[in-house]
Student: 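For reference, the structure I am asking about is given below.
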Amino acid sequence: MPTPAMPRRIPSLMLSALLLMANTAGPPELRVAAVTDGATLLLEDGRSLRLAGIEPAAPPMGAEPGDPWPLAEAARQALAELAVGQRLTVRGEARTDRHGRLLAQLVRGDGLWLQGELLTRGLARVHTRPDARALAGEMLAAEAGARAAGRGIWRTRAYAVRPADPDALRRDRDSFQIVEGRVLRVSKAGGDAYLDFGEDWRTDVTVHIGRTALRAFVAAGIDPLSYEGRVVRVRGWVGLRAGPLIEATHPEQIERLDGAASPARAARDNSSPPPEPSDDEDEE
């Protein structure tokens, strides 16, 4: 005759089994129905997903709306070949952006990391955001390899790393750029920090770190004063407050290049003209 304790043990065993199954099931798989550009996927369930942390090749400033640009189409085709019909899983955490799209790092069933592959092929740049900062180090390394090899967008002057030259950057106003230069001075005022690349902040290039962003830098163990006198690479949207200004909202936007060659500076100092893009990769 069963003891009174046995009936109470059965639900407990069942619960343990269910918990074990939940813990070993792994992340849900996603299936891609179509690709709309070099970083946006339409899933079979109707949702839209944006690859986090990258900006795909797109027509440069000055291009006529609707005009095809070979590298943008190459990025779209590459993503379609990599993702359509494949089983994909989210690496890390997925978020929803302000457009209602999922924002995530994606890995294919065979282990291929989509963001890393596009960056390695030179079909995208790293473009992290406060809510899409995961794997920044790995993505920057993949981008640097493609840039050093001159793959994809890195064969065109449209995507060249810009020197911190105020006159040149004024022409890049309202666009996403990668800028290199030596920080002449760092100042703090009212809870904000300013990285100045020239003697006159009213006309020279400046990076602004607001008080909210400054907390993220401090949490990462970075004092903006440590950038003073250093060669850095900054990525972000070029605005115009007095001189050209880039808003740094998170520390992954700024790379220190101490001891490393600066492609932008080397290009500026080189007396020979840069190679022209090939016919199928016009920059304008």
Student: When you look at Leu123 and Ile153, which way does the side chain to side chain contact (heavy atoms under 4.5 Å, CB included) test go after all the steps?
Tutor: CA-CA 6 Å; Leu123 296 174; Ile153 60 175; 5.6 Å; no
Student: Before giving the answer on side chain to side chain contact (heavy atoms under 4.5 Å, CB included), spell out for Leu41 and Leu106 the whole-Å C-alpha distance, their side-chain angles and the decisive distance to 0.1 Å.
Tutor: CA-CA 11 Å; Leu41 308 169; Leu106 289 184; 3.4 Å; yes
Student: Would you please test Asp110 and Gln86 for side chain to side chain contact (heavy atoms under 4.5 Å, CB included) and show each step?
Tutor: CA-CA 10 Å; Asp110 59 2; Gln86 297 287 333; 5.7 Å; no
Student: Going by an N to O cut-off under 4.0 Å, is there a salt bridge joining Arg202 and Asp200?
Tutor: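 Salt bridge flag = yes for Asp200 with Arg202.
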Student: Test of understanding: clusters of I, L, V, M, F, W, Y form through side-chain heavy atoms closer than 4.5 Å, transitively. Do Val238 and Trp201 belong to the same one?
Tutor: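 Different clusters.
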Student: Can any side-chain N or O of Gln253 pair as donor or acceptor with the backbone N or O of Glu247 at less than 3.5 Å?
Tutor: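 Side chain of Gln253 to backbone of Glu247: a pair is present.
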Student: Is Asp165 salt-bridged to Arg170, cutoff N-O under 4.0 Å?
Tutor: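 Salt bridge: no.
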Student: When clusters are formed by joining ILVMFWY residues with side-chain heavy atoms under 4.5 Å apart, either directly or through shared neighbours, do Val84 and Leu102 land in the same one?
Tutor: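 They do share one cluster, since a chain of ILVMFWY contacts under 4.5 Å joins Val84 to Leu102.
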Student: Side chains of Phe197 and Arg182, heavy atoms from C-beta outward: is any pair under 4.5 Å?
Tutor: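 No; the side chains remain at least 4.5 Å from each other.
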Student: Closest heavy-atom contact between Ala104 and Gln115?
Tutor: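 Result for this residue pair: O-NE2, 3.0 Å.
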Student: Please determine if Glu29 and Arg108 form a salt bridge, counting it only when a charged side-chain N lies under 4.0 Å from a carboxylate O.
Tutor: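 Salt bridge: no.
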Student: For the atom pair CZ (Arg233) and CD1 (Ile178), what is the distance rounded to the nearest 0.5 Å?
Tutor: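 If we round to the nearest 0.5 Å, Arg233:CZ and Ile178:CD1 are 7.0 Å apart.
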Student: With sequence neighbours left out, what residues match Glu252 under salt bridge (charged side-chain N to carboxylate O under 4.0 Å, His left out)?
Tutor: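 By the salt bridge (charged side-chain N to carboxylate O under 4.0 Å, His left out) rule, Glu252 matches Arg133.
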Student: Determine whether Leu51 and Leu118 make a side-chain contact, defined as any pair of heavy atoms from C-beta on separated by less than 4.5 Å.
Tutor: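 Leu51 vs Leu118: side chains touch.
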Student: Do Leu43 and Arg31 come within less than 4.5 Å of each other through their side chains, counting heavy atoms only?
Tutor: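 Not touching, per the 4.5 Å side-chain cut-off.
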Student: Could you tell me if the side chain of Arg121 sits less than 4.5 Å from the side chain of Glu117, heavy atoms only?
Tutor: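 With C-beta onward as the side chain, the pair touches.
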Student: First locate atom CD1 of Ile222, then atom CG of Leu225, and finally report the distance between them rounded to the nearest 0.5 Å.
Tutor: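 Going from CD1 on Ile222 over to CG on Leu225, the span is 12.5 Å.
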Student: Assess whether a salt bridge exists between Arg185 and Asp196, defined as any Lys/Arg side-chain N lying under 4.0 Å from an Asp/Glu carboxylate O.
Tutor: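 Between Asp196 and Arg185 there is a salt bridge, with a charged N closer than 4.0 Å to a carboxylate O.
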Student: Find out whether Met139 and Gln105 are in side-chain contact, i.e. whether some heavy atom of one side chain is under 4.5 Å from a heavy atom of the other.
Tutor: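 Yes, close enough: below the 4.5 Å cut-off.
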Student: Taking the basic N atoms (NZ, or NE/NH1/NH2) and the acidic carboxylate oxygens, is any pair closer than 4.0 Å for Glu55 and Arg125?
Tutor: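 No salt bridge links Glu55 with Arg125.
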Student: Verify the cluster assignment for Tyr227 and Tyr194: are they in a single hydrophobic cluster under the rule of side-chain heavy atoms below 4.5 Å apart?
Tutor: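 Cluster IDs for Tyr227 and Tyr194 differ.
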Student: So, for Leu184 and Glu228, which heavy atoms are closest and what is the spacing to 0.1 Å?
Tutor: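 Distance-wise, the nearest heavy atoms are O-CG, 3.8 Å.
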Student: Are Gln77 and Glu73 linked by a side-chain donor-acceptor pair shorter than 3.5 Å?
Tutor: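 Side-chain D/A pair, Gln77 to Glu73: present.
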Student: Could you state the interatomic distance from NZ (Lys188) to CD1 (Ile209), rounded to the nearest 0.5 Å?
Tutor: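 The CD1 atom of Ile209 is 9.0 Å from NZ of Lys188, to the nearest 0.5 Å.
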Student: Where do Leu140 and Glu255 come nearest, in terms of heavy atoms and distance?
Tutor: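 Smallest heavy-atom distance, with atoms named: CD2-OE2, 3.7 Å.
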Student: Quick one: does Ile254's side chain get under 4.5 Å of Val207's, heavy atoms only?
Tutor: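 Result yes, sub-4.5 Å side-chain heavy-atom pair found.
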Student: Checking side chain to side chain contact (heavy atoms under 4.5 Å, CB included) for the pair Leu71/Thr156: CA distance, chi angles, key distance, verdict?
Tutor: CA-CA 10 Å; Leu71 283 170; Thr156 77; 3.8 Å; yes
Student: Within this structure, what is the CG-CD distance for the pair Asp172 and Gln177, rounded to the nearest 0.5 Å?
Tutor: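 Rounded to the nearest 0.5 Å, the CG-CD separation comes to 4.0 Å.
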Student: Measure from the side-chain N and O atoms of Arg162 to the backbone N and O of Glu180, and report whether any donor-acceptor pair falls under 3.5 Å.
Tutor: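 Side chain of Arg162 to backbone of Glu180: no pair is present.
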Student: Just checking, Arg91 and Trp113: is the charged tip under 6.0 Å from the six-membered ring centre and within 45° of the axis?
Tutor: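 Output yes; distance and angle both within limits.
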Student: Can you check whether Val90 reaches Leu30 side chain to side chain, under 4.5 Å on heavy atoms?
Tutor: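 Heavy-atom side-chain distance check passes, below 4.5 Å.
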Student: Is Leu88 reachable from Leu103 through a run of I, L, V, M, F, W or Y residues, each pair having side-chain heavy atoms under 4.5 Å apart?
Tutor: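 No, Leu103 does not connect to Leu88 through the hydrophobic network.
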Student: Could you measure the distance from the OG1 atom of Thr89 to the CZ atom of Arg87? Nearest 0.5 Å is fine.
Tutor: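 With rounding to 0.5 Å, OG1 (Thr89) is 12.0 Å from CZ (Arg87).
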Student: Do the ring planes of Trp154 and Tyr159 sit parallel (below 30°), tilted (30 to 60°) or perpendicular (above 60°)?
Tutor: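 Ring orientation of Trp154 relative to Tyr159: perpendicular.
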Student: Are Leu82 and Ile54 joined in one hydrophobic group, where the rule is that I, L, V, M, F, W and Y side chains link up if heavy atoms are under 4.5 Å apart?
Tutor: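 Linked, Leu82 and Ile54 end up in one cluster.
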Student: If I compare all heavy atoms of Ala220 with all of Pro251, which pair ends up nearest, and what's the gap?
Tutor: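 So the minimum-distance heavy-atom pair works out to CB-CG, 4.0 Å.
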Student: How long is the span from the CG atom in Leu214 to the OG1 atom in Thr249, to the nearest 0.5 Å?
Tutor: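 One finds 12.5 Å between CG of Leu214 and OG1 of Thr249.
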Student: Among all residues two or more places apart in sequence or in another chain, which pass the ring pair (Phe, Tyr, Trp, His ring centres under 6.0 Å) test with His250?
Tutor: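 Applying ring pair (Phe, Tyr, Trp, His ring centres under 6.0 Å) to His250 gives none.
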Student: Of the non-hydrogen atoms in Leu79 and Asp37, which two are nearest, and what is the gap between them?
Tutor: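 Smallest heavy-atom distance, with atoms named: CD2-O, 3.5 Å.
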Student: Would you say Trp237 and Ile246 make side-chain contact, with heavy atoms under 4.5 Å?
Tutor: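 The answer is no; the side chains never approach within 4.5 Å.
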Student: Tell me the closest heavy-atom pair linking Arg256 and Ser226, and the distance in Å.
Tutor: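 For Arg256 versus Ser226, the nearest heavy atoms are NH1-O, 3.7 Å.
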Student: Which one of Thr40, Thr36, Thr96 satisfies the side-chain hydrogen bond (donor to acceptor under 3.5 Å, both in side chains) criterion with Arg50?
Tutor: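 Going through Thr40, Thr36, Thr96 one by one, the side-chain hydrogen bond (donor to acceptor under 3.5 Å, both in side chains) with Arg50 is satisfied by Thr40 alone.
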